[in-house]
2 protein chains.
Amino acid sequence: MTDQLGRSPRKPRADAIRNRERVLEAAKAIFSEGGTETGLEAVARKAGVGIGTLYRHFPTREALYEAVYRREVEQLAELAQHLTTDMPPLAGLRRWLLALVEFVATKKGMGAALALAAHKPPELMAFTTSRMNEAIGMLLGPAAEAGEVRRDIGPDDLLRMVIGLCYMQDGPGWQAQVMRLLDVFLDGLRIRRDDPSESPRS
Amino acid sequence: MTDQLGRSPRKPRADAIRNRERVLEAAKAIFSEGGTETGLEAVARKAGVGIGTLYRHFPTREALYEAVYRREVEQLAELAQHLTTDMPPLAGLRRWLLALVEFVATKKGMGAALALAAHKPPELMAFTTSRMNEAIGMLLGPAAEAGEVRRDIGPDDLLRMVIGLCYMQDGPGWQAQVMRLLDVFLDGLRIRRDDPSESPRS
DNA sequence: TGATATACGGAGGGTGCCTCCGTTTGCAAG
DNA sequence: CTTGCAAACGGAGGCACCCTCCGTATATCA
């Protein structure tokens with residue numbers, strides 16, 4: 001009855017949560033294909049909500065950027081979790097790095113969002129890199145444990161390398177190019193035993 | 001009389017050139033202090049020209065960004081030229097690097113302009129780095145020639161290091177921090193002979 | 001010293017940002 | 001189930017900025 005200084009007098013309404021999610025989904029889609037300059041009304045329309053609703057959930061454009069960004073980072077982290085259990089380590093790692101490249105790709109359109117990541121709260125950047133490193137570690141660890149990959153390459157090395165690769169490459173089709181380079185790298189990462197199954201004598 | 005397929009029937013008007021310059025100057029000032037989001041009307045006002053004039057010279061916002069960017073790169077290049085003749089090599093280099101840090105500083109506000117540099121014509125980026133490397137070489141070369149600095153650090157190393165430093169640092173007063181680090185680095189760059197003028201025995 | 005191409009200024013139509021408020025709806029107490 | 005209400009919703013509209021257009025001014029050239 002009383003909420004005076006107390007906590008949540010009610011639980012958040014279901015439609016509010018649903019709408020918030022819809023807006024984030026729409027924003028992600030629109031931003032990654034049209035860049036962040038696109039009008040927010042378009043986002044609201046795509047999400048099937050009124051413009052007012054959008055602004056209630058995300059008072060400023062930056063707030064929306066940041067929420068989209070955070071959500072994608074979270075999703076990447078969850079993906080890593082699933083991949084560790086669903087796939088053999090190295091394949092999982094490769095799959096995850098592919099997702100990471102796509103993530104960076106959408107952020108390239110989002111110059112603004114990146115500047116935000118570099119400028120705004122240092123906390124956001126710390127959050128990002130720690131989450132990312134956790135995720136990579138989750139996939140890289142078991143592989144190292146199993147003796148499948150070299151142990152002198154850490155999650156942070158890998159992360160920095162991918163980001164670096166993405167930002168150097170720039171022409172059309174750069175994503176494929178990055179993946180090719182990455183595959184070469186991953187191949188180098190593997191520890192090859194003299195496994196006869198790998199070298200069939202004719 | 002006839003210009004049919006011929007070249008420039010007239011030379012460009014003086015006021016046009018002057019106004020173009022004024023707009024660039026104003027844009028630089030406004031963008032570096034207020035970010036690139038600031039209204040273009042403000043730029044026109046500061047430049048003392050009509051909004052129409054601004055748009056005639058720079059049809060789109062991006063065109064203006066790019067022009068400002070190019071101009072600053074050119075100015076940095078020219079600065080290097082002057083410094084080579086007016087100052088002892090190392091002092092000149094230091095002075096120039098300071099200007100470079102300021103340049104990057106204004107570009108940090110300009111997330112958009114940077115995204116442009118990364119995205120738009122690869123030519124712009126090539127232009128930038130080659131100009132920059134020339135400039136550094138101009139200052140570093142003589143110093144190396146005179147045996148004042150190590151020879152295993154090239155212009156591109158230096159350039160990348162400064163950019164990297166600028167983008168890692170981020171709090172308030174980061175520029176001073178960068179310059180401190182740079183000074184340490186420059187000190188390390190010097191070749192110290194056993195020059196008695198440097199070690200006065202008491 | 002004209003003639004004229006060129007540049008100038010700024011009013012104004014269009015578009016997107018964001019606020020505000022009347023209406024709707026999910027939640028929970030009776 | 002019904003009823004009360006806080007929470008959420010949609011979208012009209014005010015405001016600011018973007019850019020175009022055209023009548024006026026002026027530098028250049030004959």
Side-chain angles (χ1 to χ4, degrees), chain A residues 1-27 30-31 33-68 109-110 112-113 116, chain B residues 1-27 30-31 33-68 110-113 116:
Chain A
M1 193 183 292
T2 148
D3 90 13
Q4 199 197 17
L5 270 168
R7 277 294 105 141
S8 60
R10 279 218 192 164
K11 72 180 175 187
R13 271 171 54 164
D15 53 346
I17 298 176
R18 183 167 29 81
N19 278 329
R20 188 191 152 88
E21 200 61 20
R22 277 194 190 175
V23 169
L24 283 174
E25 200 67 42
I30 292 212
F31 288 160
E33 98 177 32
T36 43
E37 310 296 76
T38 331
L40 296 193
E41 330 254 67
V43 173
R45 213 175 314 121
K46 172 145 198 162
V49 306
I51 186 67
T53 298
L54 187 153
Y55 274 97
R56 195 165 342 91
H57 284 297
F58 309 100
T60 73
R61 180 177 275 265
E62 276 68 30
L64 181 55
Y65 290 161
E66 183 174 331
V68 170
M110 280 167 88
L116 172 151
Chain B
M1 193 181 292
T2 149
D3 91 13
Q4 197 196 15
L5 270 168
R7 278 289 112 136
S8 60
R10 278 214 193 170
K11 73 181 172 185
R13 271 171 56 163
D15 52 348
I17 297 176
R18 181 167 32 79
N19 278 330
R20 187 191 152 88
E21 200 61 20
R22 276 193 191 178
V23 168
L24 283 174
E25 199 68 41
I30 290 212
F31 289 160
E33 100 176 31
T36 45
E37 310 296 77
T38 330
L40 296 192
E41 331 254 70
V43 173
R45 212 175 316 121
K46 172 142 195 164
V49 305
I51 186 65
T53 299
L54 187 153
Y55 275 97
R56 193 163 345 91
H57 285 296
F58 310 100
T60 73
R61 181 177 272 265
E62 275 69 31
L64 181 55
Y65 291 161
E66 182 174 333
V68 170
M110 281 166 87
L116 171 153

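Each chain gets a letter, A, B and so on, in the order its sequence line appears, and its residues count up from 1. Basis for what follows: all heavy atoms, side chains included, without hydrogens, waters or symmetry-related copies.
Phosphate contact (OP1/OP2 of D:dA8, side-chain N/O of A:H57, threshold under 4.0 Å): absent. Put simply, A:N19 has no side-chain N or O that comes within less than 4.0 Å of OP1 or OP2 on D:dA8. For B:T53, a side-chain nitrogen or oxygen approaches OP1 or OP2 of C:dG9 to under 4.0 Å.
Summary of the strand contacts: B:R13 and B:I51 both lie near DNA chain D, and taking for each the nucleotide with the nearest heavy atom, the more 5' one is attributed to B:I51.
Side-chain contact check for B:F31 versus B:L64: some heavy-atom pair is nearer than 4.5 Å.
Atom CD of B:E41 is separated from atom P of C:dG12 by 14 Å (rounded to the nearest Å). Rounded to whole angstrom, the span from the CG atom of B:L54 across to the P atom of D:dC19 amounts to 10 Å. Note: CG (B:D15) to C1' (D:dA25) measures 10 Å, nearest angstrom. One interatomic measurement links the two molecules: CZ of A:R22 to P of D:dC9, which rounds to 10 Å at whole-angstrom precision. The distance between atom CD1 of B:I30 and atom P of D:dC17, rounded to the nearest whole Å, is 12 Å. Between the P atom of C:dT6 and the OH atom of B:Y55 lies a distance of 24 Å, rounded to the nearest Å.
Residue-level contact check: B:R61 touches the backbone only, with heavy atoms under 4.0 Å from sugar-phosphate atoms and none from bases. B:G52 comes within contact range of at least one nucleobase, with a heavy-atom separation under 4.0 Å.
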Stepwise side chain to side chain contact (heavy atoms under 4.5 Å, CB included) test for B:R20 and B:F58 | CA-CA 9 Å; B:R20 187 191 152 88; B:F58 310 100; 3.6 Å; yes

